Protein chains: 4
Amino acid sequence: MTYLPVTSARPEPLRVGLIGAGWMGSFHAKSLAQRIPDASLAAIADPALESAQPLAAELGVAHVTADPGDLFADPEIDAVVIAAPARFHAQLAIAAARAGKHVFCEKPASLDLDEFARVEQAVGEGGIHWQVGFNRRYAADFLAARRDVADGVVGTPQLLRSLTRDPGTGSIRNADRVPHGTIFVETLIHDFDALNWFNSGAEPVSVYVAADALVEPELRGMGFIDTAVVTIRYENGAIAAAEANYSALYGYDVRGEVFGSRGMVQAGRATETAALRFGAKGLSAETPRLNIELFADAYTAELADFVGQVRAKRDGGEAPDHGVPLTPGLADARRALAVARACIESVESGEAVRVAAILGG
Amino acid sequence: MTYLPVTSARPEPLRVGLIGAGWMGSFHAKSLAQRIPDASLAAIADPALESAQPLAAELGVAHVTADPGDLFADPEIDAVVIAAPARFHAQLAIAAARAGKHVFCEKPASLDLDEFARVEQAVGEGGIHWQVGFNRRYAADFLAARRDVADGVVGTPQLLRSLTRDPGTGSIRNADRVPHGTIFVETLIHDFDALNWFNSGAEPVSVYVAADALVEPELRGMGFIDTAVVTIRYENGAIAAAEANYSALYGYDVRGEVFGSRGMVQAGRATETAALRFGAKGLSAETPRLNIELFADAYTAELADFVGQVRAKRDGGEAPDHGVPLTPGLADARRALAVARACIESVESGEAVRVAAILGG
Amino acid sequence: MTYLPVTSARPEPLRVGLIGAGWMGSFHAKSLAQRIPDASLAAIADPALESAQPLAAELGVAHVTADPGDLFADPEIDAVVIAAPARFHAQLAIAAARAGKHVFCEKPASLDLDEFARVEQAVGEGGIHWQVGFNRRYAADFLAARRDVADGVVGTPQLLRSLTRDPGTGSIRNADRVPHGTIFVETLIHDFDALNWFNSGAEPVSVYVAADALVEPELRGMGFIDTAVVTIRYENGAIAAAEANYSALYGYDVRGEVFGSRGMVQAGRATETAALRFGAKGLSAETPRLNIELFADAYTAELADFVGQVRAKRDGGEAPDHGVPLTPGLADARRALAVARACIESVESGEAVRVAAILGG
Amino acid sequence: MTYLPVTSARPEPLRVGLIGAGWMGSFHAKSLAQRIPDASLAAIADPALESAQPLAAELGVAHVTADPGDLFADPEIDAVVIAAPARFHAQLAIAAARAGKHVFCEKPASLDLDEFARVEQAVGEGGIHWQVGFNRRYAADFLAARRDVADGVVGTPQLLRSLTRDPGTGSIRNADRVPHGTIFVETLIHDFDALNWFNSGAEPVSVYVAADALVEPELRGMGFIDTAVVTIRYENGAIAAAEANYSALYGYDVRGEVFGSRGMVQAGRATETAALRFGAKGLSAETPRLNIELFADAYTAELADFVGQVRAKRDGGEAPDHGVPLTPGLADARRALAVARACIESVESGEAVRVAAILGG
């Protein structure tokens, strides 16, 4: 044989630990292990070992633990992906930052702004890269629309829209155990970030919410919310409408729109593929059904960007440049969270709420 | 020649007088004279005789007058179409009703609810058919969507959307002379009616408005509004978002959407024709530009329905049956006007406003 | 009353006689009587008086006759619309031309080229305006595409496509009595004209046909054809594919496409309205079902153009100018018919056939 | 630390050698190295070492060679991906089969049917899995359409369409060195396979071609073809039209359509993302530009299927089951190649050519 020697130009992969092996955690695990060449999945932490162990075995991950502290203590781990339940996000990020681990944190970054201030402090002190899972920014259509905004297609934004309709069956599993405010802090927070990002440079000023339990009306009395319409006013005058519902029988519906002095852009994919079907009853087509289908590429791209950002920070190279502001960091997380918290207050008061008041401003 | 005798089965056309020969009046004039076989345009009243006379000459209309009273006094006239400026609508309708003339009234039916109560009384006393120009109901896509709602495609409505973006040039002609509240009472009133109609059977309960002068910001101080987002809550729990702007550089954009427990329907036409163009810069297509293009068929259909309704009332025949509630009457006009008036109050107070309070309830 | 006198600026309407009160004839009758202000429907000729009489009564038409000769002899009639069965088109046009009546002739202008030569001669001698019913040219999307071609969007045409799929039920009524070649001479002739028109200025050079009885396979032996694919080569090198089928269960499907050195344009409307429906099974929408629905505006526009052309010719005024070649005349009819006849020969020979050979060239 | 031991459930990856590091080879290299977890890229063979070496370095591939024979001789290699120039495909496949290596071969499997017969023999004797790169089958929209066909949405196929328009600049690089027949054997072969696959179970019976040099007309004399329309007749009566052109200025346009006794399905993606843009000139959107963009997922999926098929064959496990016939094998390659060769004969003769005659039948 006459094989020639090859000197690999590949840098060492970033060694990532995953915290939380649930729905999104499992997807991220596969991305880290199989879809992002510059990363490796070094360990999985989840108290539900019965989930973590088969996932690790399937992906050839060497280590599993019930205790995320093991990941923070492991010198072989460069970074962590936090996909634990939302109420643990902040404290896990703080611990990671203190251990010098870079952090990719699923949304929401925290459930509350005071706690989030501690995350910001820990991240600053730890000198780490911290990034939050606002995946819509990485979806091809949302990113194309954002680039159009940057290119002046829209002019000055005047009206924005965003919506999330989660696929449903007509009833919501364990609705009575969903924490108060979840629709704002965990679902609409995506919309708030998308709107903030589309209307970049302008702060959200106030919010007004109309919300209700329409899917599960018998839970209305306990404060459960499954349907909400939020009006946001921005300091540049733009007015946004965000909307969510937890039971779209036709699938997973996510859209964004920016209208302004020069034109409009829209993002959002109505059909699962480009295939169309015509029969005796007319036209029909499949709709997207699951977030990990609709956003498969976006979820992978945000983690790949994270890996690129961390490597650039660690190795001193160039960070990925996307042409437009993309990687969502602390300020983005805080801005979206402040809107979400203001929404909760608006529901309680029935009035418009100033975002600055929420931020202690 | 061996021509055979034909006994015409055509009834006498409805003799209609037109009041107001402006933009919409001229369109309606042509519809009455040329597009609606069962009607004839008998006379045109407009103080601007320099507009009315050439229009009458072009259409072969026998009579022109500066005084609408001439139409009311004319025993040869069965019905009038009121397309004068909005502030005259109510008083003209009252005079017509008192003269026993059936009335098709352009929107808004009135600028104010007390005045509208007098319209209602006059119509009742006059025993006439009264109909308002909520033309969207007659657009093929809106009507198809409404039929789907009736057929249960949507289930129980939970979220509704409607928007109007008027074509613009980036500035609004005579903006400083547009009456206060016009965006609600003259523009969004279409959206309010569309939402009420889609969510038929449920009364609007409250509104909240975010509005501003974003196209003409220097007029903000004098209360001018060119951009508005309205949240409406309905007694069946459904929440609607309506939105308007006066300067869409890409044309005339009108959309509606109803989401509910079983699915969603959408109306709104994004392109002028089905033609698509592909070139070095990608895909492109023409957008609708003018209301009388986008809604040409709808404007004609609403008048044809009016003519059919009046003839049925007059002749005792069957009124046109559309399978779903369609012909917009007094209750529809009142409901939409109440929402519009509540919006004006919401702008002034900055708070949500109960519609019943507006109605004196 | 103070009505002012109005001097009508309306010219006398063109007085049109209709020959043939079937499917298309009835539609044209209504257009002439009700949708085209500059025309009046003066008389209807159809041997099936039981169809013609109620139509005339419904439309208020004064005269009915079984004999089209009555129309030719009537000095009160300016023009005729020929919507009789195809085999009578040519002889009726000749008689009309000899009587000095202008002619709008439904397609095909003739079933055969020799006969059509006699039409051309009679039209020339009669000095009349003659126009054929290639309605697709008047459809908004086809016309927009044609204008794009004229504007250079496509560059030099290289590939063209056209298709007609007639709505079906899976079987064809009276298929055994459909004359040989009907799919080419009566159906695809629309596609041939659309292709010739899109590729204006280049003559069709040769055709090759693959055709079969696939809807009614048991009629294959008697030469019945319900499915055909035609390849046409043009003298500018462009190659076109035309396709037809008689049983599209999803409705009436007509499309056109022109691809060239600079880009592509497409025409053809996939849905009946802009309304979309989303339910548990995904997206759905209505499809166009009938030619008189899909082409309602086009059928009216072609007749309105005819009326305008005749009036211009008669009164010496300006003929309607559409910015692109539009009104289909003798040369267009001949060109499309030659392609259709060449197709029939290609079916018989199984080989490509030169169009010039058909034309005696 | 309390890491728990994990026993990996991952089987050894399939060790694949790549032959040819050009445009498609480089894409496949990245798929094997980074996108397909069950495969590893063990070595790259390409006489152009200046391309192969940096690719290997970038991907961390250990071995590079100018001689594909090294791969066949390497006991560490399980399978090869052949992405060399088309004229070498068959002999490389034969050598691989004789060495017991499984083969994924880019299309065309061979340039000629006699040579391909030797491939078939070698594959049979070698007992290997052989698969050809008909990637469209793996595109989400094409696969969805094929599943619809299998589910009876179309009924019995009657008319099929397929087209390929390669992105262009108005001129074709090195057009004078493109081998005769390339448009059929290398481009349209994708369309032929897609049509055969959509019309599964029916053999192609005859072809007729209209073709020309329209992009590079000055090369017409030397037999160059850049534009072609092919009519294919199938034994079940279905008629297909396939079309190709080498210079679509708007991007990469690939579509498929099947029409039949019950309905129609369409595949083909007109826009690059779901983003739409509206401005003063109307609607616009980006179009797909490159095959490795439009088909990125499909190219990866076909290789992943290959890896799954080989592992199933090698390890005795279950082969991937796609619900419909998917993995393109020898019979599929032969069928498409026979159509392509028949096309070349049709160009030469100007007549329809029986496919069986090409196959020596």
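Numbered from 1 within each chain, the chains take letters A, B, ... in sequence-line order. Computed from heavy atoms alone, side chains included, the values below leave out hydrogens, waters and symmetry copies. This is a predicted model, so every value here is computed, not measured.
B:L4 is listed as a side-chain neighbour of C:L49, based on a closest heavy-atom distance under 4.5 Å. Under the 4.5 Å side-chain criterion, counting only non-hydrogen atoms from C-beta, B:Y3 is in contact with C:D74.
The residue among C:P5, C:A139, C:A274, C:G256 with the most heavy atom pairs within less than 4.5 Å of chain B is C:A274. Taking B:V154, B:V64, B:T271, B:I36 one by one and counting their heavy-atom pairs under 4.5 Å with chain C, the maximum is reached by B:V64. Between chain B and the residues C:K30, C:R277, C:Q53, the largest count of heavy-atom pairs under 4.5 Å involves C:R277. Counting heavy-atom pairs closer than 4.5 Å to chain B, the top-ranked of the candidates C:D148, C:V258, C:I44 is C:D148. Ranked by heavy-atom pairs under 4.5 Å with chain C, the first of B:A52, B:P37, B:A33, B:A43 is B:P37. No other option in C:A140, C:A66, C:S284, C:G268 has as many heavy-atom pairs under 4.5 Å with chain B as C:A140.
Here the closest non-hydrogen pair linking B:G60 and C:S8 is CA-OG, 3.6 Å. Closest approach of C:A145 and B:A275 over heavy atoms only: N-CB, 4.4 Å. Here the closest heavy-atom approach between residue C:A144 and residue B:T273 is recorded as CB-OG1, 4.1 Å. Considering every non-hydrogen atom in both B:T7 and C:A57, the closest pair reads O-CB, 3.4 Å.
Of the atoms belonging to C:A280, it is backbone heavy atoms, and not side-chain ones, that fall under 4.5 Å from chain B. For C:A62, the part lying near chain B is the backbone, with the side chain staying farther off; criterion is any non-hydrogen pair under 4.5 Å. Interface residue C:R262: only backbone heavy atoms are found under 4.5 Å from chain B. Heavy atoms closer than 4.5 Å to chain B are found in the backbone of C:V61, but not in its side chain.
A 6.0 Å sphere centred on CD of B:E12 holds no more than 12 heavy atoms belonging to other residues, nucleotides or ligands. No more than 12 heavy atoms of other residues, nucleotides or ligands lie within 6.0 Å of CD in B:E318, so this atom counts as exposed by the packing criterion.
Atom-to-atom distance recorded for B:L276:CG and C:Q266:CD is 5.5 Å, nearest 0.5 angstrom. For the atom pair OG1 (C:T2) and NE2 (B:H63), the distance works out to 11.5 Å, reported to the nearest 0.5 Å. Atom CZ of residue C:R35 and atom CZ of residue B:R35 lie 13.0 Å apart, to the nearest 0.5 angstrom. For the atom pair CD (B:E286) and CG (C:D141), the distance works out to 12.5 Å, reported to the nearest 0.5 Å.
Distance alone, capped at 3.5 Å, is enough to place a donor-acceptor pair between the C:R10 side chain and the B:E58 backbone.
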